[in-house]
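See structure below.
As a basis for the values below, the full set of heavy atoms in this structure was taken, side chains included, without hydrogen atoms, waters or symmetry mates. Each chain gets a letter, A, B and so on, in the order the sequences are listed, and its residues count up from 1.
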Amino acid sequence: MAMSWKSLQTDLSDAGYIASNELAMALHLSLQLQRPLLLEGAAGVGKTEVAKMLAQLKSTRLIRLQCYEGLDANTAIYEWNYQRQLLSVRAAADSELSLQEVEEQIFSERFLLRRPLLEAISQQTPPVLLIDEIDRADEEFEAYLLEILSDFQISIPELGTIEAVSRPLVILTSNGSRDLSDALRRRCLYSFVDYPDANTELAILKKRLPAIDSELAAQIVGFVQALRKEDLEKNPGVAEMLDWSAAVAGLGVTQLSDDPVELQATLVCLLKTRADIANIPTEVTQRLAGKV
Amino acid sequence: MQLTRFPQSVDGVSERLSGFMAHLRSNGLALGITEQAHALEALTCIDVTRHEDVRLACKAVCAGRAESYHKFDELFTAYWFNSGREKMSVVQGGASTANRSVFQPGVDSSKSTGADGDADEADDNRSDDGESAHSGEGKLVASTIKNIEKIDLRELMTPESLQQAEHVAHKLAVSMRDRRSRRRRMAKRGSILDLRRVIRSSISHGGEPLELFRRHKPDRPVKIVALLDVSGSMSVYARVFLSFLKGLVSHDQKTDAYLFHTSLVRVSDALRDNDTLRAVNRLSLMAQGFGGGTKIGANLQRFNQQYAMQSVNGRSVVIILSDGYDTDPPEVISHALQRLKKRRCKIIWLNPLKGWKDYAPVANGMAAALPFLDLFAAANTLDSLRVLEPHLHKL
């Protein structure tokens with residue numbers, strides 16, 4: 001056993017990421033079994049951060065593929081450099097090369113543009129491959145991924161199959177804006193990342209903003225936790241909480257309930273839709289701030 | 001320390017684990033041999049003498065989605081520590097067919113119609129559907145030909161009519177799904193060139209692009225999400241609408257269906273049962289088991305929170321089948337619909353009462369919902385469902 005999941009959790013915590021037991025175990029298994037890890041959860045709970053931290057921890061490259069609607073194999077896996085190929089074909093017309101030689105020449109690796117997925121499997125040291133917001137990509141793209149995730153190889157019709165030089169550590173994240181296929185889920189380990197509880201969130205805050213006053217930190221976390229219980233369209237995530245803490249601390253506030261107007265003004269860091277801002281007027285803010 | 005359930009069993013880890021897998025499977029987790037192998041493999045990476053570690057490891061391997069992830073701990077404890085959670089049985093027993101004369105909160109008071117003979121005044125106010133030649137439907141028409149399409153759906157209980165309802169739904173679903181994608185695929189005709197293929201074929205012509213290949217945008221179907229009210233007031237329509245729902249759901253794998261009364265259940269999978277009558281019966285049982293009041297607003301809200309994220313987007317059509325009689329305050333409905341609307345979906349409300357004579361959406365809930373609807377239509381006869389087709393196509 002190379003490393004237990006507890007020590008991974010500690011390492012992550014030292015690097016500045018507080019992982020739940022479930023997440024630490026899933027990461028541990030994903031490292032040990034070399035299987036992709038699918039992380040689901042609301043926006044802003046730190047799914048993407050996991051990959052960044054892991055890359056930092058393993059001191060390896062982070063290759064990121066941001067998914068979007070319409071993402072296809074050409075942008076994600078590989079593409080031929082058509083312009084160069086065309087020029088090369090033109091140039092070859094004047095030379096004495098045979099047809100086959102021309103073909104071999106233009107379909108060689110020199111003319112291949114490597115996109116993130118191909119890049120990830122052709123690294124000497126295994127990188128961390130982050131496939132972010134996979135739920136935004138189309139279902140067709142999920143199917144492309146299956147081959148890569150299970151066999152770590154890519155078939156290029158003109159070149160043949162490219163095997164992975166090393167197996168990247170794959171982390172997929174999803175916000176649940178679309179249900180993923182069972183085939184994809186079956187190839188991955190799974191963990192659901194939830195909003196952290198008060199203690200964890202406090203630990204995160206102290207890790208990220210060590211200079212913050214601990215009484216204020218407790219108030220901030222209490223406030224944000226209470227705010228998430230309100231009926232909001234977009235719950236504030238951990239990143240928003242950190243933004244807000246930096247804002248509040250930067251303004252020199254020592255007690256949240258000190259200056260209602262200023263507090264209300266800083267809420268732009270937490271509330272990101274018009275309806276939410278309208279839903280949390282000064283009275284509500286004061287009630288929440290008063291409780292903590 | 002807690003003891004596991006088989007202290008003296010000597011079967012070894014793999015056999016015990018397969019028992020656990022069977023337990024998970026019977027509780028609705030989709031697990032196969034591969035997962036079992038993965039779980040065993042995972043156990044080699046941890047300290048198996050610590051049950052907490054085993055739980056975490058099994059959770060990472062076996063819980064493939066959020067729902068199973070959240071109930072996993074309970075299932076784990078139940079199996080290994082015998083705390084007695086039994087497999088949940090889906091079918092609710094003892095549903096009586098005598099339920100036919102179930103109370104109908106709004107209907108009874110506002111229309112004061114009996115359980116029989118009400119089709120006559122129910123159906124003849126369909127001035128909007130452009131088929132006035134058929135005016136005067138239902139039982140009042142002195143005819144020996146029983147025109148099934150025009151009979152109020154309450155009377156339709158035969159297998160054939162249920163099948164017809166399914167067929168109508170299927171046609172509606174097809175007309176709604178026709179949409180185009182933003183992605184491009186290779187095609188004979190299309191607006192832009194497919195450089196990849198052009199170059200490839202130009203090699204054999206010495207670099208001259210003689211053959212031009214193109215790309216076009218393929219069809220991208222609309223996703224349909226249907227929510228059916230199966231509360232007391234709707235129960236006379238429930239079976240037909242369930243068939244309708246089945247018709248919507250069963251022809252592709254993407255349509256989602258939900259039932260609601262006082263709570264909300266996802267039934268897409270149950271509806272994909274091949275035997276129409278059996279599926280409908282099963283669901284009728286589920287629906288009747290609850291009965292009673294309706295919480296449309298609260299259920300829509302629950303839908304927003306739990307399911308809307310993954311099943312509703314700008315390419316979705318949400319169909320709500322309900323009579324709009326709600327026990328919640330109307331603001332709840334309008335709030336929930338407003339929120340749902342923000343997902344850029346189209347919302348269609350099919351109300352069986354709308355086909356009734358002199359119906360006005362006065363029920364508070366219905367009135368509150370109106371501003372958010374893209375289409376508000378009658379759904380009391382199969383014909384009224386059928387005439388929706390052109391509207392849905394335009395949506």
Side-chain angles (χ1 to χ4, degrees), chain A residues 1-2 4-6 21-33 35 37-38 40-42 69-72 74 79-80 82-83 85-86 88-93 99 102-103 106-107 135 138-140 158 174-180 182 185-186 188-192 231 233 273 275, chain B residues 30-32 34-35 38 41-42 44-47 52-53 55-70 72-73 181-185 195-196 198-200 202-209 218 220 223 253-254 256 301 304-305 307 309-313 335 338-339 342-343:
Chain A
M1 204 178 313
S4 87
W5 66 275
K6 276 284 181 198
N21 288 348
E22 271 89 358
L23 180 57
M25 174 59 91
L27 276 171
H28 169 68
L29 288 178
S30 150
L31 286 168
Q32 294 290 317
L33 306 175
R35 296 222 297 143
L37 173 61
L38 170 64
E40 273 191 319
E69 192 180 319
L71 177 69
D72 55 10
N74 293 343
E79 172 104 286
W80 292 106
Y82 299 119
Q83 284 77 4
Q85 279 181 330
L86 200 56
S88 180
V89 172
R90 288 283 187 178
L99 204 62
V102 175
E103 190 165 335
I106 68 166
F107 288 112
D135 50 333
D138 311 279
E139 274 153 51
E140 295 87 339
E158 296 88 353
S174 160
N175 280 336
S177 70
R178 159 174 85 73
D179 204 3
L180 301 174
D182 280 341
R185 286 179 189 277
R186 291 190 56 190
C188 301
L189 297 173
Y190 179 86
S191 192
F192 187 87
D231 185 26
E233 283 179 5
T273 73
Chain B
L31 298 168
T34 341
E35 279 76 13
H38 286 315
E41 203 183 332
T44 60
C45 306
I46 56 159
D47 180 2
E52 181 61 13
D53 289 13
R55 179 179 69 79
L56 293 173
C58 289
K59 197 171 180 177
V61 176
C62 301
R65 50 182 66 243
E67 288 149 40
S68 18
Y69 184 86
H70 290 307
F72 188 87
D73 290 349
S181 162
R182 272 193 259 167
R183 285 163 58 84
R184 290 175 192 274
R185 285 277 179 73
L195 264 182
R196 181 191 179 100
V198 171
I199 302 273
R200 185 132 177 75
S202 74
I203 295 166
S204 50
H205 309 298
E208 293 303 329
R220 171 65 56 80
K223 183 169 175 175
Q253 294 298 312
K254 285 190 195 163
D256 246 341
Q301 236 164 22
N304 273 336
Q305 284 159 5
Y307 301 104
M309 259 275 240
Q310 52 175 250
S311 52
V312 181
N313 59 21
H335 184 67
Q338 189 181 12
R339 195 145 164 197
K342 283 200 174 157
R343 299 198 168 272

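For chain A, no part of B:His205 is nearby; none of its heavy atoms comes within less than 4.5 Å. Within the 4.5 angstrom heavy-atom criterion, only side-chain atoms of B:Asp73, from C-beta onward, approach chain A. Interface residue B:Ile203: backbone and side-chain heavy atoms are both found under 4.5 Å from chain A. Using a 4.5 Å cut-off between heavy atoms, B:Arg196 touches chain A through backbone and side chain atoms alike. Within the 4.5 angstrom heavy-atom criterion, only side-chain atoms of A:Glu40, from C-beta onward, approach chain B. Residue A:Arg90 touches chain B through its side chain alone, counting heavy-atom pairs closer than 4.5 Å. Looking at B:Asn304, there are no atoms closer than 4.5 Å to chain A (heavy atoms on both sides), in backbone or side chain. Within the 4.5 angstrom heavy-atom criterion, atoms from both the backbone and the side chain of A:Leu189 approach chain B. Residue contact with chain A, scored on non-hydrogen atoms closer than 4.5 Å, involves the backbone and the side chain of B:Arg65 alike. With a threshold of 4.5 angstrom between heavy atoms, B:Ala42 approaches chain A through its backbone and through its side chain. At a 4.5 Å heavy-atom cutoff, A:Ala24 makes no contact with chain B through either its backbone or its side chain. In this structure, chain B has a heavy atom under 4.5 Å from the side chain of A:Asn74, while its backbone stays farther away. Of the atoms belonging to A:Leu23, not a single heavy atom falls under 4.5 Å from chain B.
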List the steps, then state whether side-chain contact (heavy atoms from CB on, under 4.5 Å) holds for A:Met25 with B:Lys59.
CA-CA 9 Å; A:Met25 174 59 91; B:Lys59 197 171 180 177; over 6 Å; no
Do B:Glu35 and A:Arg185 pass the salt bridge (Lys or Arg N to Asp or Glu O under 4.0 Å) test, and can you show the C-alpha distance, the side-chain angles, and the key distance before you say yes or no?
CA-CA 11 Å; B:Glu35 279 76 13; A:Arg185 286 179 189 277; over 6 Å; no
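A:Tyr190 places a side-chain N or O within donor-acceptor distance of the main-chain N or O of B:Ala66, the cut-off being under 3.5 Å.
Side-chain atoms of A:Trp80 and B:Arg200, non-hydrogen and from C-beta on, never get closer than 4.5 Å to each other.
Annotation for B:His38 and A:Leu33: closest pair O-CD1, 4.4 Å, computed over non-hydrogen atoms. Summarising the geometry of B:Cys45 relative to A:Leu29, their closest heavy-atom pair is CB-CD2, 4.0 Å, with the distance given to 0.1 Å.
The distance from atom CG of B:Leu56 to atom CH2 of A:Trp5, rounded to the nearest 0.5 Å, is 5.0 Å. Going from atom CG of B:Leu195 over to atom OH of A:Tyr82 covers 7.0 Å, rounded to the nearest 0.5 Å. Atom CD of A:Gln32 and atom CD1 of B:Ile46 lie 11.0 Å apart (nearest 0.5 Å). Atom NE2 of A:His28 is separated from atom CG of B:Asp53 by 8.5 Å, given to the nearest 0.5 angstrom.
Contacts with chain A were tallied for B:Gly32, B:Ser204, B:Ala63; B:Ala63 has the most, counting heavy-atom pairs under 4.5 Å.
Between B:His70 and A:Phe192, the ring planes are perpendicular. Angles over 60° get that label, and only those under 30° would be called parallel.
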